[in-house]
Amino acid sequence: PNPSMAWTFWEKYFYNFDTLYWEKPTVYTVSHQNNQISNFAFVRNQALFVGVNVLSGTVHRPNQWANRHARSLEWIEKNVNNAVSDTNIIVIVGHAAPSDDNNDFFE
């Protein structure tokens with residue numbers, strides 16, 4: 001895995017995807033986490049889609065990584081709790097596979 005390439009792909013394909021490639025959606029609302037704008041969520045056709053920024057690679061600032069992963073987990077939990085009665089499917093996307101350096105997120 002190449003963390004730098006993964007982040008480049010995240011920014012290119014997912015960051016503000018809701019307005020980057022086409023007009024702002026009118027049949028659903030895409031929300032972004034206030035303190036972590038790269039995280040997003042929306043419900044469409046009874047499916048909840050949640051995108052989170054999962055860090056991977058060389059850990060330069062362990063506390064920053066832990067805080068970011070904690071915020072991403074809070075984002076997932078908040079959106080699942082808010083949409084549980086309106087959804088049948090939950091899709092969670094990120095750009096890093098489980099590894100020793102991000103196991104705090106995947107535990």
Side-chain angles (χ1 to χ4, degrees):
N2 181 327
S4 178
M5 183 180 289
W7 179 245
T8 299
F9 285 154
W10 182 268
E11 286 183 319
K12 182 176 180 179
Y13 296 108
F14 287 116
Y15 193 73
N16 288 330
F17 78 96
D18 51 310
T19 57
L20 184 62
Y21 299 107
W22 51 82
E23 292 182 20
K24 186 175 181 177
T26 58
V27 293
Y28 60 93
T29 301
V30 178
S31 58
H32 296 270
Q33 190 174 17
N34 288 336
N35 57 0
Q36 203 159 300
I37 196 73
S38 58
N39 290 350
F40 64 87
F42 64 93
V43 174
R44 178 80 170 125
N45 295 333
Q46 295 185 309
L48 169 63
F49 295 86
V50 182
V52 292
N53 179 313
V54 180
L55 300 172
S56 184
T58 304
V59 180
H60 297 287
R61 297 182 200 132
N63 289 340
Q64 181 186 30
W65 279 41
N67 289 337
R68 184 172 296 198
H69 285 159
R71 287 192 305 266
S72 290
L73 290 168
E74 289 170 5
W75 180 247
I76 293 168
E77 184 175 8
K78 173 187 172 185
N79 282 282
V80 168
N81 288 338
N82 287 345
V84 70
S85 62
D86 300 325
T87 57
N88 296 320
I89 300 168
I90 299 171
V91 179
I92 300 172
V93 297
H95 69 288
S99 65
D100 290 340
D101 51 289
N102 62 18
N103 62 3
D104 61 318
F105 178 81
F106 288 100
E107 290 179 339

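Since the model is a prediction, treat every value here as computed from it, not as a measurement. Quick note: residue numbers are just sequence positions, from 1.
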Answer yes or no: does atom CG of N81 have more than 12 heavy-atom neighbours from other residues, nucleotides or ligands under 6.0 Å? yes
Only pairs under 3.5 Å count here: list side-chain donor-acceptor contacts from residues 38-50, not counting sequence neighbours, and write none if there are none.
{"residue": "N39", "atom": "OD1", "partner": "N53", "partner atom": "N", "Å": "2.8"}
{"residue": "N39", "atom": "ND2", "partner": "Q33", "partner atom": "OE1", "Å": "2.7"}
{"residue": "N39", "atom": "ND2", "partner": "S72", "partner atom": "OG", "Å": "3.2"}
{"residue": "Q46", "atom": "OE1", "partner": "N88", "partner atom": "ND2", "Å": "3.1"}

Hits for side-chain contact (heavy atoms from CB on, under 4.5 Å) against S99, two or more places apart or cross-chain, chain-then-number order -> S56, D101, N102
ILVMFWY network linking L55 to M5, side-chain heavy atoms under 4.5 angstrom: no
Given N79, I76, V80, the one that forms side-chain contact (heavy atoms from CB on, under 4.5 Å) with I90: V80
How many angstroms lie between atom CZ of F106 and atom CG of L73, to the nearest 0.5 angstrom? 9.0 Å
Enumerate the ring pair (Phe, Tyr, Trp, His ring centres under 6.0 Å) contacts for residues 50-71, please, sequence neighbours excluded, ordered by first and then second residue. H69-F105
Could you check whether atom CD of E77 has more than 12 heavy atoms from other residues, nucleotides or ligands sitting under 6.0 Å from it? no
Can you confirm whether D100 is buried at CG, in the sense that more than 12 heavy atoms of other residues, nucleotides or ligands lie under 6.0 Å from that atom? no
Shared hydrophobic cluster for V93 and I89 (ILVMFWY, side-chain gaps under 4.5 Å): yes
